[in-house]
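We count residues from 1, following the sequence as given.
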Amino acid sequence: MDDPILEKRLKNMFESRAGELPDESVRKARIRRNVYEKIEREGNYMKKGFMKKAVAAVAAICVFGSMTAFAIGKIAGITSRTDIRDEVHTYEQALELQKENGPMVDFPEKFSNGYAFKAAVPVNYETEDKDGNKLGNGTQLSVTYGKDGMEDVTFSAEVGMDGELTPAEVRTCEDGTELCFYKLTNKFVPADYELTEEDKKAQEDGNFNLAYGSDKVEVMTSYTVEWNMDGQGYSLFKFGEDLGAEEMFGMAEEIIAGRSK
């Protein structure tokens, strides 16, 4: 980032909120982490008009421990980091990164709905137990697809899968692979924001992410489709409601079937 004021604000909030971590499922925390990673990536392009989302993400990232996901079970934490300098912008370069970082499944250059390869970046992660002991680490490739007038869609392999968050929709492919669609409402609010009865109910119902620190109230919807193949988890993630479950299911099916156009 090239804005010193925002960088200072980020630093201060990381230090003050580093310990405020939620006790939740790996799946729910990972979906939230996708939100923060995406906003942080856009924050690197603030000259192109992403200041608003970057500032809104300051508290969101900090509240959840700099993109650290905690859950109940053997793997109690998943921490991931990216370096924008490692990002590539051609499909050929992405295929080279795939050789070293995965995913094992092939990813298309273009989907039949018009979404085309835009960028790819390695995501470094570490897993740990509830006592902070390191369990493992690795790198996964995050692949972004774009389409004019539409929000980007990101494809990646995932660490760990659990069933503690109820999907909004489920589809079973011809080969038996189960696709799960999740919708998460992300509400960024000022530090002095008081929860409404609607907020409290949304938190109880799940699929709701509330983060303090934004200069004003902003609501962003995010969608995720997840599935397992050969013991490995995968996901498609996007912001906004300009692309629904049906099309995202279709994109996942193209990856699974290897018949993207």
Side-chain angles (χ1 to χ4, degrees), residues 13-14 16-43 50 52-73 76-78 80 151-154 158 160-171 178-227 233 235-249:
M13 293 194 73
F14 271 132
S16 65
R17 299 203 175 198
E20 298 179 29
L21 300 171
D23 186 19
E24 60 186 353
S25 71
V26 172
R27 169 171 279 117
K28 189 171 184 179
R30 184 173 58 248
I31 292 175
R32 293 185 179 192
R33 188 201 69 216
N34 283 338
V35 173
Y36 309 145
E37 286 181 350
K38 176 65 174 174
I39 299 177
E40 186 195 42
R41 179 176 178 274
E42 292 185 346
F50 291 113
K52 182 180 179 183
K53 288 183 180 179
V55 172
V58 170
I61 296 174
C62 294
V63 169
F64 296 100
S66 183
M67 291 175 286
T68 300
F70 281 80
I72 299 172
I78 304 174
S80 61
E151 291 282 357
D152 291 347
V153 176
T154 302
E158 297 290 356
M161 301 291 280
D162 64 41
E164 295 182 30
L165 187 62
T166 302
E169 294 186 42
V170 177
R171 172 180 294 182
E178 187 175 77
L179 305 176
C180 296
F181 175 78
Y182 301 90
K183 178 179 178 180
L184 184 71
T185 299
N186 307 278
K187 188 171 184 177
F188 304 100
V189 299
D192 59 354
Y193 178 82
E194 294 187 9
L195 289 176
T196 66
E197 291 304 315
E198 184 180 359
D199 293 332
K200 295 176 182 178
K201 185 178 186 305
Q203 285 184 315
E204 293 175 359
D205 293 341
N207 299 319
F208 181 73
N209 169 28
L210 182 69
Y212 289 87
S214 176
D215 54 354
K216 63 180 181 180
V217 175
E218 182 176 10
V219 178
M220 299 168 61
T221 302
S222 58
Y223 289 160
T224 304
V225 170
E226 294 185 346
W227 68 96
S235 74
L236 287 167
F237 170 85
K238 73 175 298 295
F239 282 134
E241 302 183 27
D242 55 359
L243 191 69
E246 191 66 25
E247 278 198 87
M248 290 189 71
F249 279 149

Engineer: Taking atom CE of M248 and atom OG1 of T224, what is their separation to the nearest 0.5 Å?
Structural biologist: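 Those atoms lie 6.5 Å apart.
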
Engineer: Distance-only, no hydrogens or angles: does the K238 side chain make a donor-acceptor pair with backbone N or O of G240 under 3.5 Å?
Structural biologist: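 At least one qualifying donor-acceptor pair exists.
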
Engineer: Roughly how far apart are K183 NZ and S222 OG, rounded to 0.5 Å?
Structural biologist: 10.0 Å

Engineer: Would you call K200-E197 a salt bridge at under 4.0 Å N-O?
Structural biologist: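 Judged by the 4.0 Å cut-off on N to carboxylate O distance, K200 and E197 do form a salt bridge.
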
Engineer: Return the OG1 to CD distance between T221 and E241, rounded to the nearest 0.5 Å.
Structural biologist: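 So the OG1 of T221 and the CD of E241 are separated by 4.0 Å.
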
Engineer: So, taking the atom named OH in Y182 and the one named CZ in F237, what distance separates them when rounded to the nearest 0.5 Å?
Structural biologist: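 Y182 OH to F237 CZ: 14.5 Å, rounded to 0.5 Å.
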
Engineer: With sequence neighbours excluded, what pairs up with F181 under the ring pair (Phe, Tyr, Trp, His ring centres under 6.0 Å) test?
Structural biologist: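 Residues passing ring pair (Phe, Tyr, Trp, His ring centres under 6.0 Å) with F181: Y223.
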
Engineer: Just verifying a value: how many Å separate Q203 CD and K187 NZ, rounded to the nearest 0.5 Å?
Structural biologist: 9.5 Å

Engineer: I need the E178 CD to E226 CD distance, nearest 0.5 Å.
Structural biologist: 11.5 Å

Engineer: Between L236 and W227, does a side chain to side chain contact (heavy atoms under 4.5 Å, CB included) hold up when you go through it step by step?
Structural biologist: CA-CA 9 Å; L236 287 167; W227 68 96; 4.1 Å; yes

